[in-house]
Every structure is written in C-alpha cells, then in structure tokens.
Amino acid sequence: MEAPLPRAFYARPTEAVARELLGKVLVRRKGLSRLRARIVEVEAYLGERDAASHARRGPTPRAAIMFGPPGFLYVYLVYGMHHCMNFVTEADGVAGAVLVRAAEPLDDADMDAGALRGPGKLCLGLDVTLRDRGTDVTLSTATLFVADDGAARPAVRRSPRIGVDYAGIWAARRLRFFVPHNPSVSGGVGRYGT
DNA sequence: GCCACGATAGTG
DNA sequence: ACTATCGTGGCG
C-alpha cells in the first residue's frame, strides 16, 4: 500500500510543496474502503505577510494551526456551507498552507471527472469536515493522507488565486498551480481554466 | 456580546 | 448576478 508522504515533504517553502502536490494521490480511508484521487489544482497561502491568507491576522484560534508543525490538516468552513482543506507547510513556528482545490477521482465508478472539482466539492466528495481539523497526515494510521504512486510529474501551469480579490497586491500573485487541460480542474470562474 | 463578512457553488 | 448559511474575528 502507498505510504503517507513524510513530514519532511511538508516542511519546506509553501510554493514548492504546492507545486509538488500536483500529481500526488489523495487517499481517504472510509471504514473498510478507501477513496483515491489525483491532485490537479492547489493554491499556496503564505504567512502573515500574505494578505489573502488566514494567517494574516496572526495565530488566531482558527489559523493557529498554520503556525504549527507541518504535515497537519487545516480545515475551515466558508460561506457557512462549504469546507476547504489545506496541508500545513513550513517549519514549526512559520505559517503556511496549501489549499487543495481539485482532484481527479481514481478507480471510482461512482465519481465523474467533476465530482471533486472545486474546494467545496472536493471536501464534500471526500467527506472532509471540521472534525478532520488537526489530522496528522504523515501517520500510517491517518484517515486522510497524500501518497506518491510513482506517476510521472505532470505539466504545471500557474495563475492568480481564486476568490481573493480583496487582497490587494497579493491577489495578483500567481500562487495557484494546476495541471493544464485536466477535466477535473475548476474553471476558476472561467478565466484561468486551462 | 454583536455583527459583518468570506480561500464557494448552483441557479437565473 | 444573486444568494444560501455559519464560524471567525474585529470591535466595543
């Protein structure tokens, strides 16, 4: 079976982690079964200086986990209805996280290419909720983790992040990474789809 | 304590 | 373009 990526993978600059998460396999254990999906779209959220990051106001109760050790799951609720999942990056004490925005379902007949397209639907499809906050995704016992299945490194394209227009200069930074022409990548409101 | 406001997605 | 819906954090 595929082993979870080690903490060292996450303990690096957030942009590098984001880029390299593309093509990796998201593994979700659900009781006896497991759901696998290839990551095709992510966004990097840097530390306190990043005006689009939840870390911008310092280690508040919600964002404190972003300042903690890498390799943990940061889940939050947006618009009162959608969950978003992130992996904490950088060294302990340095804020950073990668938002997973879309994944391509692997060997699951019940899911079409769009089932995990967009951060909200991704969490819905994988049943990730606030209860999953703080999961250590480097443990072999984790119910959610990322693995490398040896697939070739995909092509990577980048664009500004989605839905952070309020962030001034940071809204323009190209911190979204995605696999071009992949049907599971979110349209990004049409502008930066492929 | 309050209250305005989203790292969204589906519909019109 | 509109809005459902609730946890978070700024403010007093």
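Per chain, numbering begins at 1; letters A, B, ... match sequence-line order.
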Watson-Crick and G-U pairing of DNA chain B written in dot-bracket, each distance under 3.5 angstrom, with | for inter-strand partners:
||||||.||||.

Judged by each residue's nearest nucleotide on DNA chain C, which is more toward the 5′ side, A:V78 or A:R62?
A:V78

Pairwise C1' distance, C:dT3 and B:dA4 [rounded to whole Å]
16 Å

Listed in order of residue number, which residues of residues 113-133 of chain A have a non-hydrogen atom at under 4.0 Å from DNA chain C?
A:R133

Salt-bridge test for [X] and [Y]: reply yes if a basic N is under 4.0 Å from a carboxylate O, no otherwise.
X	Y	result
A:R36	A:E2	yes
A:R173	A:E43	no
A:R161	A:D50	yes

Between B:dA7 and A:Y45, is there a base-stacking contact, meaning the centre of the base's six-membered ring lies under 5.5 Å from the residue's ring centre while the planes stay under 30° apart?
yes

Sequence-distant partners of A:F145, ring-ring contact (aromatic ring centres under 6.0 Å, His included), two or more places apart:
none

Cation-aromatic face contact A:R12/A:Y10, 6.0 Å, 45 degrees:
no

I'd like to know whether the aromatic ring centres of A:F72 and A:Y74 sit less than 6.0 Å apart in this structure.
no

Exactly one of A:R117, A:E104, A:R157 clears side-chain hydrogen bond (donor to acceptor under 3.5 Å, both in side chains) with A:N182, and that residue is A:E104

Same cluster or not: A:V75 versus A:L21, using hydrophobic residues (I, L, V, M, F, W, Y) connected whenever any side-chain heavy atoms lie under 4.5 Å apart?
yes

